[in-house]
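One structure is given below, encoded as structure tokens.
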Amino acid sequence: MAGNDRRRLETIGQKTIVDQIINTLTESIIRGDYKSGSKLPSEFELMEELQVSRNSLREAMKILATMGIVEIKRGDGTYICSQVNPTLFDRLVYSMIYDVSSSDELLELRQILDESTVQLAMSKITPEEVEKLQHSIDKMKDACKNQDVEQMQTCDLEFHMLLIDSCKNIFFIRILKSVYSIFEKSIVENVRKETVDSKAPLYHQRILDCIVNKDYNTVHEVVAESLATWRERV
């Protein structure tokens, strides 16, 4: 947002200044005043427009950076994040949900999310992404043969992250990656327990085949099968 085309941010009052700065800036982003990857006005300009102190503005920016909304580049300025990634805030929220949920609820949640991921990937995945997923599966097969637990764990998580990215929906990606950051410990533990006779490469292959063949009818079955052993870890 630059020059005369930039909407002037509303001046805000003195009550809960930091919260109001955050609300005003996020509303401006939602309105489209600031685009992904764009640079915010200088600190001095924002102080003038919002009629706030430097300390209040800097505190608000720190919070927005923690939330993954802005990126502060020292000596350059503050930018709207161009990529939506899981943040400490996201992980805290989901970890609280994880702590109060039953095993059945967590399994149901992951079943629903994994099914949605597969279905969304069917309509958006590219040949290049299919190739990367297949490469991840092949690497995991080799790791299984060599009983390389660390590599198996890396490939398992890599497969899921690649699959999530193939959905190409920034909000969905943020939610899924945040949830997976909470599930990661149990997923890694599951791979470690299965080392001797791991079926993970087979499960991943069936998921990928389901996506490539756009086989909507078997999505539920394929996902449920892939979670068969994981359910014992949650």
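Expressed to the nearest 0.5 Å, how far CD of Gln205 lies from CD1 of Ile207 amounts to 10.0 Å. Taking CD1 of Ile173 as the start and CZ of Phe171 as the end, the distance is 11.0 Å to the nearest 0.5 Å. Annotation: the span from Met152 atom CE to Asp142 atom CG amounts to 11.5 Å, rounded to 0.5 Å. One finds the OG atom of Ser102 at 8.5 Å from the CD atom of Glu108 (value rounded to the nearest 0.5 Å). Atom OG of Ser38 sits about 5.0 Å away from atom CD1 of Ile80, to the nearest 0.5 Å. The distance from the CD1 atom of Ile211 to the CG atom of Leu133 is 6.5 Å, given to the nearest 0.5 Å.
Not a single donor-acceptor pair under 3.5 Å links the side chain of Glu27 to the backbone N or O of Thr24. Counting only distance, with no hydrogens or angles, the side chain of Gln151 and the backbone of Cys144 share no donor-acceptor pair below 3.5 Å. Proximity of a side-chain donor or acceptor of Thr218 to a complementary backbone N or O of Glu221 within less than 3.5 Å is not detected. No donor-acceptor distance shorter than 3.5 angstrom exists from the side chain of Asp33 to the backbone of Ile29, with no hydrogens or angles considered.
In this structure, Val18 and Ser56 approach most closely via the heavy-atom pair CG2-O, 3.8 Å. Scanning both residues, Ser166 and Ala121, for their nearest heavy atoms gives OG-CB, 3.5 Å. Across every non-hydrogen atom of Glu158 and Ser136, the tightest pair is OE1-OG, 2.9 Å. When all heavy atoms of Gly37 and Tyr79 are compared, the closest pair comes out as O-CD2, 3.5 Å. When all heavy atoms of Glu71 and Cys81 are compared, the pair lying nearest together is N-SG, 3.8 Å. Smallest separation of non-hydrogen atoms from Lys124 and Asn169: NZ-CB, 4.4 Å.
Gln111 is listed as a side-chain neighbour of His220, based on a closest heavy-atom distance under 4.5 Å. Here the side chains of Val130 and Thr126 are not in contact, with every heavy-atom distance at 4.5 Å or above. The shortest distance between side-chain heavy atoms of Val179 and Leu113 falls below 4.5 Å. Arg74 has its side chain within reach of Ile72: a pair of non-hydrogen atoms, C-beta onward, lies under 4.5 Å apart.
Linking ILVMFWY side-chain heavy atoms closer than 4.5 Å, directly or via other members, places Ile112 and Leu176 in two distinct hydrophobic clusters. Hydrophobic clustering keeps Leu202 apart from Leu163 (ILVMFWY residues linked when any side-chain heavy atoms are closer than 4.5 Å, directly or through intermediates). In the hydrophobic cluster analysis, where Ile, Leu, Val, Met, Phe, Trp and Tyr join through side-chain heavy atoms closer than 4.5 angstrom, Phe172 is grouped together with Tyr216.
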Point to revise | Evaluation steps, side chain to side chain contact (heavy atoms under 4.5 Å, CB included), between Thr117 and Val223 | key: CA-CA 10 Å; Thr117 303; Val223 170; over 6 Å; no

**Study point:** Working for side chain to side chain contact (heavy atoms under 4.5 Å, CB included), residues Asp156 and Gln153
**Key:** CA-CA 5 Å; Asp156 192 292; Gln153 294 169 345; 5.7 Å; no

Review point. Side chain to side chain donor-acceptor pair (under 3.5 Å) between Ser178 and Ser181: does it pass, once the steps are laid out?
Key: CA-CA 5 Å; Ser178 296; Ser181 72; 5.5 Å; no

Check your understanding: Could you go step by step and tell me if Glu115 and Gln119 meet the side chain to side chain donor-acceptor pair (under 3.5 Å) rule?
Key -> CA-CA 6 Å; Glu115 284 185 29; Gln119 291 171 338; 4.9 Å; no

**Study point:** Full working for side chain to side chain donor-acceptor pair (under 3.5 Å) between Glu45 and Ser42
**Key:** CA-CA 5 Å; Glu45 289 177 305; Ser42 69; 3.3 Å; yes

Practice item. Decide side chain to side chain donor-acceptor pair (under 3.5 Å) for Glu59 and Asn55; before the verdict, give the C-alpha distance in whole Å, the side-chain angles of both, and the deciding distance to 0.1 Å. Key: CA-CA 6 Å; Glu59 184 63 27; Asn55 287 342; over 6 Å; no

Practice item. Check step by step if side chain to side chain contact (heavy atoms under 4.5 Å, CB included) holds for Met61 and Leu25. Key: CA-CA 10 Å; Met61 287 302 179; Leu25 288 173; 3.6 Å; yes

Practice item. Check step by step if side chain to side chain contact (heavy atoms under 4.5 Å, CB included) holds for Lys73 and Thr78. Key: CA-CA 6 Å; Lys73 298 182 179 180; Thr78 302; over 6 Å; no

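In this pair, His204 and Phe159 present their aromatic rings parallel. The plane angle is below 30°, not in the 30 to 60° band.
Looking at Glu129 and Lys168, a side-chain N of the basic residue comes within less than 4.0 Å of a carboxylate O on the acidic one, giving a salt bridge. Using a 4.0 Å cut-off between charged nitrogen and carboxylate oxygen, Glu43 and Arg58 count as a salt-bridge pair.
Atom NZ of Lys139 has more than 12 heavy atoms from other residues, nucleotides or ligands within 6.0 Å.
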